[in-house]
Amino acid sequence: MSETDAETGLFSGIDAWDGPATAPTEDKALYLELDGWEGPLDLLLDLARRQKVDLRRISILGLVDQYLVYIDRAEALRLELAADYLVMAAWLAYLKSALLLPRDEQEDPSPEELALRLQLRLQRLGAMREAAARLMARDRLGRDVFRRGAPEGLRVDRRNAWQCDWFDLIQAYGQVKARTAPVVHMVRDRMVMTLDSALARVSAMLGVNLDWMELRDFLPPHADPRLRRSALASSFVAALELARQGKADLAQDETFGPLRLRRAGA
Amino acid sequence: MTEAADREPDALVRAVEATLFAADAPMTVKAISDHLGGADVRDALATLAGHYAGRGVELVERGERWHFQTAPDLAHLLRREREDVRRLSRAATEVLAIVAYHEPVSRAEIEAIRGVQTAKGTLDVLLEAGWVRVAGRREVPGRPVIYATTPDFLAHFGLASRRDLPGIDELRAAGLLEPVDEAMAAFDFDGKGDAPDAQDAGQAEAGD
Amino acid sequence: MTEAADREPDALVRAVEATLFAADAPMTVKAISDHLGGADVRDALATLAGHYAGRGVELVERGERWHFQTAPDLAHLLRREREDVRRLSRAATEVLAIVAYHEPVSRAEIEAIRGVQTAKGTLDVLLEAGWVRVAGRREVPGRPVIYATTPDFLAHFGLASRRDLPGIDELRAAGLLEPVDEAMAAFDFDGKGDAPDAQDAGQAEAGD
């Protein structure tokens, strides 16, 4: 026992096991409470531990017998057995018969292999059981050791350091201007001669010229055609205005004929 | 307090230390004592206070209650400022440029120039960045807030004054006004300066 | 560590001490360093850990995160009436152990070891406790989710790393952390005989 302990350590320590096993029984009669086990493997592991040997030296045949006895008893007591317990019982019964059969009639896999596989599974489950128990027994934070009860806490106030470079700024302005271009475009249509400037221009020209002049002669030369149209309209209105003010005389010989004007009283 | 006492705290000192550390509120001498089975903890508290003096953490008594706290000179560690470098969004950059070129401007005027609505957050970002400031209110109906740039703005962009901002001609020469240079030339020629802009603004606002 | 260093902690040691005292969660070396403007804090941590060794409060590293906690031997003084610690079901403790010792593991692998299906709630409890996390998917048919433990798990159970899991070296040396199939392959069978195991696993999966 001590030898195997030293050899296998953790997972063979039956005595150290104080996990959630079923209640110990003196006469090896099993505690017939299904809730106590988590499935057939768990029950098998519990039975195996009762053999009080290293799980690697367990007697599978003995284990099978104990399991089957347990199932029989449960059935005798008409306990409702979960299907997986019965499946395991059937499989173990098969395994037992295979182990007892003469070798040459055996199929593949061999019963020894199946038995070994079961043993390995029990070892692994047993190892995890003990590992869980040892884990739970550690000094646990919040139960055995404590972090500071009232930490001040670390606060990080985030501040944005905004970045923008000169080119982005200038480019942005250019693009605002570019984007509003359709609106700005209207400016070209407003290449107009305003009434005020037409008035000034026509008055000035009347002042230096005593003869009748055709309205078209008042227009700026070489002007953009559209500006010419605007200037024509403005100059016409200016001529009317000057006539109304008594500063100019207007004459037109025929409908749609050239409009002529001269300084009033000339 | 001897060196030895410091190096190897006795059981009671350790118990008091752990108790105060784990406590979620400052404790009176009596409370500590009660917690530790009635032991007299005064000496232990004095020993501990001495041990922690000058460290990053101190044991202090406030209103007859003891607790650990971060050393006062390290209080700045509890609240750190962190700077996140963030690029100004496209919208914010445009608004900043408009403020710079047209200041002082109201939000409605900015929106009119941009031709789109300006989210409140966009101006807030510029205010936070310290590049734009509120420059009063315009004395027109509704008394809208008007915005202008700050000295920080000039400093950040390396400008001596707003006059250092490139003019329209320079923008055009740099190809920044691509699709509209002809029209721009027209109103520049008229020598009317910002007037068309204002007119544009009116139109855009009406369209909003 | 000299006496002098112990008595008069330098500025960085004090800063690290104060930071970790004030922190409300364990911190990685990088987080501490970031908080302190990028200083290399490893030496300071070692100095502090040495200073606190044997005191009522200790500086420990758990899963690459550092925190102060009370000394384990004082548990009897501090254990609270109301346990903060979640009581785990037997199934949950087992699943936790399997995840910890075998990580990363899929649910089918956990079930293969336990021989029973794992109730949906069992893993949820561990995920909710913050001790187990989803660590991706295994690149095999069906791409099952795989689970692993978290730094909180290590902190809670006082483990510096998974290497500190009790008995993990022995278990590994004994081959108890490798799947039954691999162990079987080591024996001189003709390599088949998956019968009981595969069947069980299949059942468990089908029942999911």
Side-chain angles (χ1 to χ4, degrees), chain B residues 1-24 27 31-39 41 44-45 47-60 66-84, chain C residues 1-24 27 31-39 41 44-45 47-60 66-84:
Chain B
M1 188 179 60
T2 66
E3 284 289 319
D6 190 30
R7 308 284 305 168
E8 286 168 36
D10 70 19
L12 185 58
V13 168
R14 293 183 71 233
V16 172
E17 188 178 27
T19 299
L20 281 172
F21 174 85
D24 44 24
M27 293 176 85
I32 304 167
S33 172
D34 286 353
H35 188 82
L36 299 176
V41 298
L45 282 168
T47 304
L48 274 177
H51 171 80
Y52 277 94
R55 300 201 60 89
V57 169
E58 296 185 347
L59 181 61
V60 294
W66 291 79
H67 72 275
F68 282 111
Q69 68 173 29
T70 306
D73 64 310
L74 298 177
H76 63 280
L77 293 177
L78 303 182
R79 272 194 68 174
R80 298 229 65 139
E81 275 216 338
R82 217 183 89 186
E83 287 209 333
D84 291 341
Chain C
M1 190 177 56
T2 67
E3 285 288 316
D6 191 28
R7 312 269 319 156
E8 284 170 36
D10 69 20
L12 184 58
V13 168
R14 291 184 73 232
V16 173
E17 186 179 27
T19 299
L20 281 173
F21 243 77
D24 41 24
M27 294 176 82
I32 303 166
S33 173
D34 286 353
H35 192 76
L36 299 176
V41 298
L45 282 168
T47 303
L48 276 176
H51 173 79
Y52 278 92
R55 300 201 60 89
V57 170
E58 298 183 343
L59 179 60
V60 295
W66 293 78
H67 71 265
F68 281 108
Q69 65 178 30
T70 57
D73 65 306
L74 300 174
H76 61 286
L77 294 173
L78 302 170
R79 210 166 265 153
R80 290 167 185 170
E81 284 162 26
R82 181 182 62 78
E83 274 193 9
D84 294 339

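The figures here come from the full heavy-atom set of this structure, side chains too, leaving out hydrogens, waters and symmetry mates. Throughout, a chain's letter reflects where its sequence line sits, starting with A, and its residues are numbered from 1.
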So which atom in G56(B) and which in E17(C) form the shortest heavy-atom distance, rounded to 0.1 Å? N-OE1, 2.6 Å
OG1 of T70(C) to CG of L20(B), rounded to nearest 0.5 Å, is 12.5 Å
Results of side chain to side chain contact (heavy atoms under 4.5 Å, CB included) for A31(B) - residues two or more places apart only: M27(B), T28(B)
To the nearest 0.5 Å, tell me how far R14(B) CZ sits from L77(C) CG. 9.5 Å
Can you tell me how far the CZ atom of F68(C) sits from the CZ atom of F68(B), to the nearest 0.5 Å? 10.0 Å
Side chain, backbone, both or neither: which part of D73(C) has a heavy atom under 4.5 Å from chain B? side chain
Of all heavy-atom pairs linking F21(B) and Q69(C), the shortest is CE2-CA, 3.8 Å
At their closest point, which heavy atom of A18(B) faces which heavy atom of V57(C), and how far apart are they? CA-CG2, 4.3 Å
